[in-house]
Amino acid sequence: MNILLVGNAGNFMRLMINRLNKEGHRVFVLTEEPKKGYSLKKVFEVYHFSYEDACVREVLESIMPQVVVFLGAYDHNFSWNRVENTAASYAAGLTNILMNYTALKKGRFVYLSSESVFGGGSAQFMTEDDPTGAYSKKGQAIAIGEDICKNYARMGNDVVILRLDHLYGEIRKKEDTDTICADMCLEAVQTGEIIASQNEKIMLLHEADAVEFIYQIMVAKNHKHTLYQLSSGEKMSRYELAQAVAAGMENEVSIVEEENKKYREVMLSGKRYDEEFGSRVLHHAGTDVEKIAAYFSRHVSEFTDAGQKKGHLFRRLGSRTKEIITNLIPFMENLICFIPFFMLNNRAVGSEYFQNIDFYLLYVLLFALVYGQQQATFSALLAVAGYCFRQMYHRSGFDVMLDYNTYVWIAQLLILGLAVGYLRDQLRAMREEQRHEVSYLTKQLDDISDINVSNVRVKEILANQIVNQNDSFGKLYEITSSLEQYEPCEVLFYAAEVLAKLMGSKDVAIYTVANRSYARLFSATSEKARSLGNSINYSEMDAMYTVLAGKKVYINKNMDERYPLMANAIYSEDEMQLILMIWGIPWERMTLGQANMLTVIGYLIQNAVVRANRYISALEQQRYIKGTNILEPEAFLALVKAYLNARDKGLTQCALLSVDTKENDRDEVGKRLIKLLRQSDYVGELEGGKMYALLANTSAKDATMVRERFEKEGVSCQIQEDVFV
């Protein structure tokens with residue numbers, strides 16, 4: 001099946017994608033997330049559009065999914081910080097997708113809701129029949145989504161609503177921190193304690209179990225109800241849940257008893273789903289939550305930003321202060337290290353063993369190697385200050401400033417320090433650049449891996465379709481060869497139907513060439529295909545006739561409304577016999593490939609038509625009453641049935657007139673009728689000697705006019721809807 005998932009790429013969706021891929025389904029994703037340079041693994045195609053966008057219709061028509069899953073309550077594309085705007089966008093997006101999907105009149109729509117549609121109150125154990133009463137804005141928006149889905153279900157659409165009871169699962173990204181377990185983990189990290197109640201019971205449903213329950217709904221042939229609640233059925237108190245979270249955290253966490261809770265949590269009854277589909281829970285919150293909390297604690301830096309609340313001034317000031325102190329640490333180290341080097345330099349002066357050692361130079365080189373050019377400059381300034389201060393023990397500052405040795409020493413210090421610091425910075429920049437390059441190439445490798453997986457999947461799909469695809473030669477021959485099962489007089493009618501099926505168009509017409517100028521409509525599949533009329537002067541249709549005369553396929557590249565979009569002529573012994581005309585083809589399909597396919601289809605249809613004509617020609621003398629142009633009963637009955645069956649299928653228009661004759665004037669009336677009729681009309685008899693006229697390509701209105709014309713010529717007749725033999 002083709003399955004479309006509507007939502008963001010969180011852990012819940014990844015589990016669903018993996019489950020669907022294991023069963024061999026083709027998965028598509030529609031999300032409002034911007035393109036991030038990587039694709040979801042094991043997904044056939046990802047569409048990045050707003051749910052309210054008009055192109056959602058085109059996406060659905062392109063995919064033609066058997067199942068659409070709208071993540072709804074678990075779609076993190078909706079930010080509930082500004083509830084009013086989000087609620088309006090949520091309802092509009094859901095309505096747009098539902099409206100366009102139900103217009104396809106195919107498949108099942110699954111809407112995921114949550115326990116947040118209930119507000120607690122006096123009852124804690126809720127069933128599907130209990131009225132919703134959400135106290136949160138998000139819960140109210142989700143409940144409105146349920147009402148929208150119920151309305152579409154009442155209109156006869158296959159819509160299923162699934163309420164999930166306190167969903168939880170692995171926390172791998174910041175987007176996964178909106179579950180009750182993640183909230184407790186964040187609370188434990190930020191405050192060192194968890195507030196929970198011992199009396200309040202809840203039931204947690206693991207994401208993996210929820211995916212299994214949802215999958216059963218996806219593949220079920222039928223379902224009795226529109227609304228189901230999914231629950232694990234295992235009760236536990238919030239206090240027990242808090243204990244499991246605290247046990248998994250690395251730091252010590254205390255649990256505080258909650259008092260005067262304003263709202264109560266609810267539990268959802270999953271009895272209805274269990275009775276119809278059966279449920280088996282594989283994950284248990286008592287053991288899973290501790291593992292989830294342990295992982296959260298080890299990777300707490302990846303999630304804390306998602307859990308920090310706005311407006312905490314002291315926390316923001318503390319974060320800023322920490323950043324400033326971190327930046328000042330190298331300068332503080334520089335100042336502290338300057339003191340021992342200043343003392344060593346003073347002790348080395350006049351020493352027999354150490355007087356030739358320049359401790360200031362070593363000091364500058366040390367910080368240049370460790371921190372780079374910035375700290376090398378700062379340490380050089382401190383060294384210069386220390387050098388000048390030491391020289392002023394025995395000389396005045398003016399003498400120190402006039403001594404060229406001072407400047408030579410300073411130049412030496414700065415040049416070595418800055419050069420080493422520059423090299424250190426360059427090495428660090430190169431290392432950082434290499435690290436980014438490795439990270440980039442790793443992502444590129446992941447992308448290549450995803451592309452390769454997608455290509456292999458596409459290759460397998462295309463390989464399976466080579467024989468069965470609509471435009472393969474095997475499929476073309478299979479469909480066109482079906483014309484052989486029809487009677488010779490029926491072949492051209494159903495040739496139009498075959499051509500429409502192979503070319504993917506609802507508007508196909510077949511004209512038979514009467515002479516070198518005119519062609520008459522034989523069969524058509526729609527009113528659009530009849531727009532040129534029952535008879536056309538094809539020789540005056542210069543743009544099309546010139547191409548067809550050259551035995552080529554005509555393509556209406558200028559989109560001229562006077563001509564079909566594509567046309568092809570069928571020849572027999574260099575004489576044009578039939579003209580195939582097609583409308584309703586998208587511009588992107590008006591290609592040389594489609595023209596070649598039309599040529600092949602024309603030849604295959606021609607073979608069937610030629611065989612039929614040869615058969616009719618061989619029996620020509622046996623079809624007419626001897627000495628007249630009146631068809632004998634058996635041949636005329638087959639012809640009438642062929643026309644009437646084609647009329648019932650919308651392939652042609654025709655009318656049948658019963659003619660009043662006497663036994664002695666039958667031949668005379670027949671001759672007069674033949675003179676009054678067109679070349680494409682027929683006169684014949686049925687059992688009992690009753691004479692009829694079959695008017696091809698004649699509507700009921702036109703048949704009335706023909707009957708009146710016959711009456712004026714002295715031929716009495718009546719319009720007959722069917723033949724009764």
**Q** With the side chain counted from C-beta on, respond yes when Y47 and V29 share a heavy-atom pair under 4.5 Å apart, and no when they do not.
**A** no

**Q** Does some side-chain heavy atom of L205 sit less than 4.5 Å from a side-chain heavy atom of Y168?
**A** no

**Q** Going by the angle between their ring planes, with limits at 30° and 60°, are F78 and F70 parallel, tilted or perpendicular?
**A** tilted

**Q** How far apart are the C-alpha atoms of Y152 and F109, what are their side-chain angles, what is the distance that settles it, and do they pass the ring-ring contact (aromatic ring centres under 6.0 Å, His included) test?
**A** CA-CA 10 Å; Y152 273 88; F109 188 92; 8.4 Å; no

**Q** May I ask you to check whether over 12 heavy atoms, not counting those of M155, lie within 6.0 Å of atom CE?
**A** yes

**Q** Should the ring pair Y273 and F277 be called parallel, tilted or perpendicular, given that the plane angle runs from 0 to 90° and is split at 30 and 60?
**A**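 Ring orientation of Y273 relative to F277: tilted.
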
**Q** Is there a side-chain contact between V68 and R108 in this structure, where contact means two heavy atoms from C-beta onward sitting under 4.5 Å apart?
**A**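 With C-beta onward as the side chain, the pair stays apart.
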
**Q** Going by the rule side chain to side chain donor-acceptor pair (under 3.5 Å), which residues pair with S116 if we only count those two or more places apart in sequence or in a different chain?
**A** S114

**Q** Would you confirm whether T442, through its side chain, and V438, through its main-chain N or O, come within 3.5 Å as a donor-acceptor pair?
**A**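 Present.
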
**Q** Are the side chains of F118 and V266 in contact, using a 4.5 Å heavy-atom criterion?
**A**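 Touching, per the 4.5 Å side-chain cut-off.
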
**Q** Is there a side-chain contact between M126 and S269 in this structure, where contact means two heavy atoms from C-beta onward sitting under 4.5 Å apart?
**A**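 Not touching, per the 4.5 Å side-chain cut-off.
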
**Q** Taking atom CD of E433 as the centre, does the number of heavy atoms from other residues, nucleotides or ligands within less than 6.0 Å exceed 12?
**A** no

**Q** Would you say the side chain of H225 lies within less than 4.5 Å of the side chain of R272, judging by non-hydrogen atoms?
**A**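 In short, these two side chains touch, coming nearer than 4.5 Å.
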
**Q** Please tell me if the side chains of I217 and V110 come closer than 4.5 Å, counting only heavy atoms from C-beta onward.
**A** yes

**Q** Is V289 close to V245 at the side-chain level, that is, under 4.5 Å between some pair of heavy atoms?
**A**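 V245 vs V289: side chains touch.
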
**Q** My understanding is that only residues two or more places apart in sequence, or in another chain, count here; which of them pass side chain to side chain contact (heavy atoms under 4.5 Å, CB included) with E146?
**A** Y111, S113, V117, T132, K150, I161, R163

**Q** Go through the steps for E61 and R57 under the test salt bridge (Lys or Arg N to Asp or Glu O under 4.0 Å), then give the verdict.
**A** CA-CA 6 Å; E61 289 177 346; R57 177 66 174 269; 3.0 Å; yes

**Q** Where do R280 and D274 land on the salt bridge (Lys or Arg N to Asp or Glu O under 4.0 Å) test, with the steps shown first?
**A** CA-CA 9 Å; R280 181 186 177 191; D274 187 43; over 6 Å; no

